[in-house]
Chemist: 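Sharing a structure, written as structure tokens. Questions coming.
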Amino acid sequence: MAVRACGLIIYRRLQAAPSSKVADSIEYLLLQTSYGTHHWTPPKGHVDPGEDDLQTAFRETQEEAGLQASQLTLVEGYRKELHYPVRGKPKTVVYWLAEVKDCNTEIKLSEEHQAFQWLKLEDACKLAEYEDMQATLKEAHQFLCSKE
């Protein structure tokens, strides 16, 4: 059976000048793992028994980034499923999109991560090494921009 993990693509909107485009004011939160290749990823983790996917995404975000569900606004209509092998076994990761209500909210990392950054789309894609993660960030960004 495929390993299943869930997470949130977290973003914030900077208080931009009214003339600037929405796209220019959005930054994404990426966390750098403190294990393995120290890759950058949104907060995510494995589904616990008895937990639904969205509960997992919120729990992992709280554990890994210190963000409570009450500090986030889930974006309706966005859900992305990625499928890829990890150590020869299939893995499924489901992501939702969530906005931090206060763009100055403090991020508190768990021991699983050693750093975090808020990044514009282009820089986030440079740090997220995996092509499917880059594509997911771009897709989420387009989704947000199309809603404006």
Side-chain angles (χ1 to χ4, degrees), residues 1-14 22-23 25-148:
M1 195 170 100
V3 174
R4 192 167 183 85
C6 300
L8 296 175
I9 296 171
I10 311 270
Y11 71 97
R12 67 180 183 185
R13 290 174 200 265
L14 301 174
V22 172
S25 66
I26 295 175
E27 290 185 336
Y28 296 92
L29 176 66
L30 290 183
L31 312 178
Q32 186 181 32
T33 60
S34 51
Y35 56 85
T37 57
H38 303 298
H39 63 285
W40 291 83
T41 174
K44 69 174 187 318
H46 295 143
V47 178
D48 284 348
E51 206 173 41
D52 72 35
D53 289 351
L54 195 53
Q55 284 175 317
T56 299
F58 278 114
R59 177 182 53 76
E60 287 291 339
T61 298
Q62 184 179 338
E63 288 175 7
E64 295 184 356
L67 294 170
Q68 310 282 343
S70 61
Q71 295 174 295
L72 302 166
T73 302
L74 195 66
V75 176
E76 290 292 318
Y78 186 88
R79 181 180 179 278
K80 177 71 176 177
E81 226 172 271
L82 301 180
H83 303 274
Y84 52 89
V86 175
R87 293 187 210 96
K89 294 193 175 102
K91 182 171 186 173
T92 298
V93 182
V94 184
Y95 284 108
W96 287 267
L97 199 49
E99 181 175 11
V100 176
K101 291 177 183 173
D102 175 357
C103 69
N104 298 311
T105 300
E106 184 186 357
I107 303 300
K108 299 181 197 84
L109 294 177
S110 71
E111 291 174 5
E112 292 178 53
H113 296 89
Q114 61 187 14
F116 74 89
Q117 286 192 46
W118 287 103
L119 300 151
K120 300 258 191 260
L121 177 65
E122 191 177 319
D123 294 327
C125 287
K126 283 179 189 157
L127 272 188
E129 299 158 40
Y130 299 103
E131 282 182 26
D132 54 358
M133 189 69 244
Q134 294 170 354
T136 299
L137 286 167
K138 288 175 185 166
E139 189 182 283
H141 194 73
Q142 279 188 309
F143 182 84
L144 287 174
C145 294
S146 70
K147 288 178 60 120
E148 296 304 320

Chemist: Begin with the C-alpha distance, continue with both residues' side-chain angles, and end with the deciding distance and a verdict on side chain to side chain contact (heavy atoms under 4.5 Å, CB included) for W96 and V75.
Modeler: CA-CA 8 Å; W96 287 267; V75 176; over 6 Å; no
Chemist: Given M133 and Y95, is the side chain to side chain contact (heavy atoms under 4.5 Å, CB included) satisfied, shown in steps?
Modeler: CA-CA 10 Å; M133 189 69 244; Y95 284 108; 3.8 Å; yes
Chemist: So, using salt bridge (charged side-chain N to carboxylate O under 4.0 Å, His left out) as the criterion, who are the partners of E111 when residues are at least two apart?
Modeler: none
Chemist: Okay, side chain of E64, backbone of T61: is any donor-acceptor separation there less than 3.5 Å?
Modeler: no
Chemist: Would you check, one step at a time, whether the test side chain to side chain contact (heavy atoms under 4.5 Å, CB included) holds for K80 with V94?
Modeler: CA-CA 6 Å; K80 177 71 176 177; V94 184; over 6 Å; no
Chemist: Given 3.5 Å as the limit, does a donor-acceptor pair link the side chain of Q142 with the main chain of E139, or not?
Modeler: no
Chemist: Determine, step by step, whether H141 and I26 satisfy the side chain to side chain contact (heavy atoms under 4.5 Å, CB included) criterion, reporting the C-alpha distance in whole Å, the side-chain angles of both residues, the deciding distance to 0.1 Å, and the verdict.
Modeler: CA-CA 8 Å; H141 194 73; I26 295 175; 4.1 Å; yes
Chemist: Check E60 with K44, please: is the shortest side-chain N to carboxylate O separation under 4.0 Å?
Modeler: no
Chemist: Is E81 salt-bridged to R79, cutoff N-O under 4.0 Å?
Modeler: yes
Chemist: Regarding R12 and D102, does a basic nitrogen lie under 4.0 Å from an acidic carboxylate oxygen?
Modeler: no
Chemist: Looking only at side chains, do H113 and T33 share a donor and an acceptor under 3.5 Å apart?
Modeler: no
Chemist: Search all heavy atoms of Y84 against all heavy atoms of D132 and return the closest pair with its distance.
Modeler: CD2-OD2, 3.4 Å
Chemist: Any side-chain to backbone donor/acceptor pair from S25 onto R13? Under 3.5 Å, distance only.
Modeler: no
Chemist: Heavy atoms only: give me the nearest A124-L30 pair and the separation to one decimal.
Modeler: O-CD1, 3.5 Å
Chemist: Excluding sequence neighbours, so at least two apart, what forms side-chain hydrogen bond (donor to acceptor under 3.5 Å, both in side chains) with T56?
Modeler: E51
Chemist: Would you find a donor on one side and an acceptor on the other, under 3.5 Å apart, between the side chain of Q134 and the backbone of A128?
Modeler: yes
Chemist: Can you name the side chain to side chain contact (heavy atoms under 4.5 Å, CB included) partners of K138, sequence neighbours left out?
Modeler: L121, C125
Chemist: Short question: side chain of Q32, backbone of H38 - any donor-acceptor pair under 3.5 Å?
Modeler: yes
Chemist: For H39 and Y130, take the angle between the two ring planes, folded into 0 to 90°, and tell me which bin it lands in: parallel under 30, tilted 30 to 60, perpendicular over 60.
Modeler: perpendicular
